[in-house]
**Q** 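Quick one: this structure, given as structure tokens, is what I'll be asking you about.
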Amino acid sequence: IRCNIKLGVRHVLYTKSKDMITWDKPKLINKDPEFDMEHENLYYMGAFPLPNSEKYISFTPHFRNDISPGNKSRRYYDTKTLVMISDNRVDWKVIDEILNKEYSSHLRQPHVVSFREENGEYALYVNENYFTNSGKLVRYTFDKKDLLV
């Protein structure tokens with residue numbers, strides 16, 4: 001669940017359910033390196049089970065922003081997708097950064113929408129040019145050996 005900590009800061013909450021009706025109390029995930037509560041944004045989790053393992057992988061859209069007094073202007077920077085691994089869905093370690101082109105406005109960076117194992121390799125489906133008239137879904141593949149977990 002996305003959690004708006006304060007104006008311009010978004011984090012991720014984790015909760016679980018055995019019956020999809022009753023849920024545990026949500027708690028913030030732990031991120032290594034530690035989450036910056038002043039400027040960092042994990043826009044949403046984008047987590048998937050890692051095939052043939054007990055681990056989970058996430059492709060989380062990330063950015064930082066500075067907000068001027070009175071919210072008159074914002075500066076977006078450090079836009080990228082964090083690749084994170086977890087054994088328990090609560091504690092996440094950043095293992096890589098991908099799609100790290102700078103975007104100066106909100107919701108423009110690529111978003112990973114699916115991760116799958118296909119024909120012996122991993123495939124990422126990425127929504128590029130998000131929130132524009134030239135948006136497209138792009139498939140990227142990489143060898144499973146290239147994922148160092």
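The chain is numbered in sequence order, starting from 1. Computed from a prediction, not measured in an experiment: that's the story for all the values here.
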**Q** Once rounded to the nearest 0.5 Å, what's the spacing between atom OG1 of T81 and atom NZ of K101?
**A**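 So the gap between those two atoms works out to 13.0 Å.
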
**Q** Are I1 and M84 in one and the same hydrophobic cluster, where Ile, Leu, Val, Met, Phe, Trp and Tyr link if side-chain heavy atoms are under 4.5 Å apart?
**A**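 Same cluster: I1 reaches M84 through Ile, Leu, Val, Met, Phe, Trp or Tyr contacts under 4.5 Å.
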
**Q** Only one of H62, E102, E97 passes side-chain hydrogen bond (donor to acceptor under 3.5 Å, both in side chains) with K80; say which it is.
**A**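 Of the listed options, the one satisfying the test is E97.
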
**Q** Mind checking the OG1-CG spacing from T15 to D24? Nearest 0.5 Å is all I need.
**A**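 Going from the OG1 atom of T15 to the CG atom of D24 covers 5.0 Å.
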
**Q** Side chains of Y43 and R10: do they bring a donor and an acceptor to under 3.5 Å?
**A**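 Not at all, the side chains of Y43 and R10 share no donor-acceptor pair under 3.5 Å.
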
**Q** Any luck finding a side-chain donor-acceptor pair between S68 and S73 under 3.5 Å?
**A**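 There is such a pair between these side chains.
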
**Q** For D19, I'd like to know if atom CG has over 12 heavy atoms of other residues, nucleotides or ligands within 6.0 Å.
**A**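 Atom CG in D19 is packed in, count exceeds 12.
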
**Q** Relative to Y77, does R75 satisfy both conditions: NZ or CZ under 6.0 angstrom from the six-membered ring centre, and within 45 degrees of the ring's axis?
**A**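 Relative to the ring axis of Y77, which defines the angle, R75 lies inside both limits.
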
**Q** How about F59 and H111: are their ring centres within less than 6.0 Å of each other?
**A**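 They do not qualify: ring centres at least 6.0 Å apart.
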
**Q** What verdict does the side chain to side chain contact (heavy atoms under 4.5 Å, CB included) test give for L28 and C3, after you've listed the backbone C-alpha separation in whole Å, the side-chain angles of each residue and the deciding distance to 0.1 Å?
**A** CA-CA 8 Å; L28 292 173; C3 178; 4.2 Å; yes

**Q** Mind checking whether F115 and Y122 have ring centres under 6.0 Å apart?
**A**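 Yes, close enough.
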
**Q** Hey, could you give me the CD1/CG distance between I29 and L13, rounded to the nearest 0.5 Å?
**A**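 It is 9.0 Å, given to the nearest 0.5 Å.
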
**Q** Can you get from Y14 to W92 by hopping between Ile, Leu, Val, Met, Phe, Trp and Tyr side chains that sit under 4.5 Å apart?
**A**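 Linked, Y14 and W92 end up in one cluster.
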
**Q** Could you check whether atom CD of E34 has more than 12 heavy atoms from other residues, nucleotides or ligands sitting under 6.0 Å from it?
**A**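 12 or below, so no.
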
**Q** Using 0.5 Å steps for rounding, measure from the CD atom of E128 to the OH atom of Y140.
**A**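 Here the rounded value is 3.5 Å.
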
**Q** Any donor and acceptor pair, going by atom type alone, linking the side chain of T60 with main-chain N or O of G46 inside 3.5 Å?
**A**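 Pair absent, no side-chain N/O of T60 close to backbone of G46.
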
